[in-house]
Amino acid sequence: MRKFLVVVGIIAVFLCSGAFAADEVRIGIVLPISGQAAMYGAYCKTGIELALKELAPDNTITVGGKKLPLTIIYEDNENKPEITANAYRKLIDQDEVTAIIGPESSSTALAGAPIAQSSGIPVVTIFPTNPKVTQVGDYIFRACFIDPFQGAVMAKYAYNDLKVTKAAVLYNNGNDFSKGLTEFFTKTFAELGGKVVITEAYGGSDIRDFNAQFNNIKASDAQVLFMPNTYFESGLQMQQARSAGITLPLIGGDGWDTPDLVTISNGSEEGAAYSCAFSHEATTPQAQKFVQAYRAAYNDVPNSNAVLSYESLSIVYRAIEAAGSLDGAAIRDAIAKTKLELPSGVIEFDSDRNPKKPAVIVMYKGGKTSYVTTVNP
Amino acid sequence: MTNNTTNIANSVLNGRLLEVEKLGIRFGGLQAVGEFDLHLDAGGLYGIIGPNGAGKTTVFNMLTGIYRPTEGRIVFKGKEMVGEKIHNFTAAGVARTFQNVRLFKNLTVLENIEIALHNGVEYGLLSAFFRSSAMRKKEEEILDEASALLKRLGLLSYSEKKASSLPYGLQRRLEIARALATSPTLLLLDEPAAGMNPQEVDQLAQDIRWIKEEFGLTVLLIEHHMALVMEICDHITVMNFGRTIADGAPGEIRNNRMVVEAYLGKGGKF
Amino acid sequence: MAQTEQLVQLLIYGIQLGVIYALIALGYTMVYGIINLINFAHGDFVMIGAFTAFFAVNLAGVGFFPAILAAMLFPAVLSIIIERLAYRPLRDKPRLSALITAIGVSIFLENFPRMVPFIGPNFKRFPELITMRHFYVLGQASINSIQISNIVASGVLLALLIFLVQYTKMGRAMRAVAYNKDAAALMGINVNRVISLTFFIGAALAGAGGVLYSLTYPMIDVLMGGWLGTKAFIAAVFGGIGSIPGAVLGGLLMGIIEVFATAVYSELGYGSGFIVLIFVLLFRPSGLLGKAPLDKV
Amino acid sequence: MKGIKSYIPALGLLVFYLVCIQLRQAGYIKNYWIQILMFALINAMVTLGLYLINGITGQFSIGQAGFVSVGAYSSGAVTTLLFNFSSLSAAAKPIVFLLSIAVAALVSGFCGYLIGRPSLRLKGDYLAIVTLAFGEILRAIIRCIPQVGGPRGFTGLPRYSTLGWIIVFFGLTVWFMRNYIHSSFGRACVSIREDELASETMGIDTTKYKVQAFVIGATMAGVAGALLAHVLGFLHPDQFNYARSTDFLVYLYAGGAGTMSGAIVGACVLTVLPEMLRFLAGWRLVIYGLLLVLMMLYRPTGICGGREFPFLVPRLKRSPEAIGGRHDE
């Protein structure tokens, strides 16, 4: 019985620990800090921290003429839907945050977004490319592009720039992002007059052997190979494809956009092209400033996760300032009216709360990415 | 399961309760038992003896459906039983104990008996889920029946004890009680006296006779303990190397040269 | 490529995957054979082995043989410590308590290195220890130097294991303990030592498997052992858990079936491996080479 | 008197619900904790199903998440694809919701039969592997069904499950489970765990009861899955992977596989624990793993240590004639 009381006491302490001072702005960040996607969480954190350092070096935010302290609360979602729902609930109910940034993937964003929508808390999700995420409601925004756009971009690139008509696809049928890009690439490529002659799948990020798939692709008459997968899967795939004797040009999506890809693909990425929001060669002052600041802080080139997180926090921070209050609806409206110069260009949201921004196509050359072309929506 | 019902069931049968003809089983290439015949009349007390590895337990396993014989037939109460599942043998009225006691060790004495009363349960799954009044009534009946049976066998004061906590002799007795709870007409006892001291064996002999009469059973037992078998059985079958080498009344067996040789080698004597 | 060349090529791919499954499955089977424990943390020793080799090569600059040796030793020693601390106290407790402990150990082993700064959650490239060369065996079907080294290394390790189990005193002791722990103890066999040794060997094989796996698919991360371990466990059961030849056969067949199923229909490729497994178990309930447990009556 | 007594647990649950609701209204309990409580009770239901299969019947299933996914997806299909839930009238909503749960129960129960029937020849770890494989096959199949979103996840499910619904179904699950276990059928299952051969010689059709346990356990998981689907409003096939099945196994044995209380307490404690450890950030799962090991070392029989809450054991009266005093013979 005594033990029972102790447990009840502990629980009570936890339940009551949610009381905060009112004149403080809290922003919740939901990221995969543990679990299989933890490295993305780590990248996102670098972008958030950099943005914070630039925007609020003294950890304050000016709301309606008053300078208020700003607190950033990170929550782990293990990249799992249920845990994301819990993280959202905690941030909204217990920490009483003003806005939420994250999570990073579609399958988790879709579990969290309805909670924020019904609680009237504005959210900028970082990297969920599934169009359905922002369709949850008017409080839900995203920083990245959506699958249909990016799929179409790569289809156009293959058909118009590479001038090929027969494509092969290797995708992860356990991954929403990969599946989405595959669908829209196939659709647009067919509309343009090309044909996806072979689609091979694999069943999840744990799979590391793609030889059987490449064996089939090699036997097909495809002229380009589209691999809209994560950087580590694609890094291995590039190696195995080359080792299996596949010499087709390789193209992919922004899942490839991280310097880590090269460390895994080890040279086999030469000539591979992909679409992303941001090229670190971009010449705008915002972009250059960001790349330099990032390099100074982390001694690395920023990847998509870092850029998008940086932009997410900037959007939310500016919107709270612009709204001049901590009211959810006011901030939501301010986010919708965003017009900011950010590293990947001038960010504005369309009526579906997706950012209107062009995609750039970059190519790996000598282990580095180099700018190829820009495709507008 | 009262005294009367089982008595009536037996008396209806008049004649052979169990007929086993040319029963045999092979494991791989090994003929474990062959050409085994057995005829049991209702109400008798029969024994099978034989040295270790003679195939006695294998016969029991075939008579209870655990092994499926590769040849021969088993007719119980006029019904062909070969190929039936174990629980159908039990439902037909064959119950057994095991050489190395196989109680539900972690359950109470009472629960052991209640499980064996399973076939008498008439309520359905839905009644169980909703714990209907009919179900509760039946459960109370089962509880009473189990308690009554335990009382008859002198185990009632142990009913809430874990089966494994009972002394060995009582575990054996509980196993018999559990077999009785399935309302058998034929009870097979596999070495009931194993591990018992002489006093306990004497008590067991009395018990077996008493149980047979009290519950109106036919009993077939396997035993090493020659004195016990000779004392209580009406008819004895002797096995060696999977075959019947002799059968008859205890007096005949005692003087059968082949039996003596099988047990004690040539020149032996009981 | 012609039909037969295709088949030969797929078979080579299947064997390449299968030998690694087999090596890891051996550890499962040995631990299971001795103490009936499904060591859920076994897959994580694959990861630890891979990381050990990674650091040995990158920090000390050693070659293939010292790397694989280090990758076998470190997890092996670690597994003895874990056995001593986490599993031994539970040996007489219900079997499933040890299983849950193993799951806890696995969660710990997967998440602790992630928090260590120089390991972290990121994927790392495994160094190239063997120069990649292709040898054509039939038409365009080829086998490469890494595949050959996998097959040879696994073969050597398997031969060593069989020698150890069949022809040494310790191996006899292991078999005795597997057969009957109490009787073995009465015969003067130090059961604790035998169990420790089994964990040692199992984890060493897992570590070696980790190196070979990482050579073939040169990318490592802290969670790499989870799913690989599960696959190997399935392979061990498929072949008949507790049986050493069974683990080898199970692993090889798993690899080959997976590759062929994927080649036929990649959308369900990895699911089809499971379907085959279920069917095999329905017809051989104790796995391919497992002995049916004899219910002594 | 006796009649009232048997309603105490149900009344207790009702009081618990009312207290939760009142405290939430008064602002003492945040929705966050209500949601965790909902997940805890749903997990407890799944674990109870597993308890019947593993704890009572002594089988070894490690694919429980597969049954949850079947329930979740099939109920989602009913509310979202068959009916357009949000356009239904307020009166029709609960009916459709209940219908979806019934469908979930049927479909997952059928899956339990599908996996239970042919694999009963298998023992122990072989059975475990088949259940694991079955769960993974289900996941692979769900990925190939575009109607429920395939790998992109099933979106737009109505978030209709409330604490009230969940408490009702949790209460029913516990009650049904208790009644089943303490019936002749439950005893038959226990006897299979204790000694399958002896059980068979007691006239028990062990095959039938093993299948029955599988079907009931799967049904409970399916109902829990249906509730879960309508808490989250979103489903993804990878939510129900092999690692999730392991979670349920851990809930069961960490709580104590010997009793219902163990299953319930294990699921609740281990659902809440990771949330309480949130302040550890990245170290959370490291500590969780350690705690699990320490708990099994110092309390190998689980949190409940084989004890059962008294109201989970129905009492029967022995008639005096049957006992006839304490003297034997």
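As the structure is a computational prediction, the values presented were derived from the model and not from experiment.
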Counting only non-hydrogen atoms closer than 4.5 Å, does [X] touch chain C with its backbone (N, CA, C, O), its side chain (CB onward), both, or neither?
| X | value |
| --- | --- |
| A:D209 | both |
| A:Y171 | side chain |
| A:Y231 | side chain |
| A:S243 | both |
| A:N211 | both |
| A:L236 | side chain |

Classify the ring geometry between [X] and [Y] as parallel (under 30°), tilted (30 to 60°) or perpendicular (over 60°).
| X | Y | result |
| --- | --- | --- |
| A:F185 | A:F189 | parallel |
| A:F177 | A:F127 | perpendicular |
| C:F233 | C:F40 | tilted |

Counting heavy-atom pairs closer than 4.5 Å to chain C, which one of [options] comes out on top?
| options | answer |
| --- | --- |
| A:Q240, A:M39, A:R208 | A:R208 |
| A:N216, A:T263, A:N266, A:N173 | A:N266 |
| A:T199, A:I207, A:I264 | A:I264 |

Chain A contact via C:E110 - side chain, backbone, both or neither, heavy atoms under 4.5 Å
neither
Looking at C:L223, C:I12, C:N122, C:T262, which one has more heavy-atom pairs under 4.5 Å with chain A than the rest?
C:N122
Would you say the ring centroid of C:F118 lies under 6.0 angstrom from that of C:F55?
yes
How about A:Y274 and A:Y364: are their ring centroids closer than 6.0 Å?
yes
Between C:V19 and C:I151, the two heavy atoms sitting closest are CG1-CG1, 4.3 Å
Do A:E49 and A:Y298 pair up side chain to side chain, a donor and an acceptor below 3.5 Å, judged on atom types alone?
yes
Side chains of A:Q36 and A:N79: donor-acceptor distance under 3.5 Å anywhere?
no
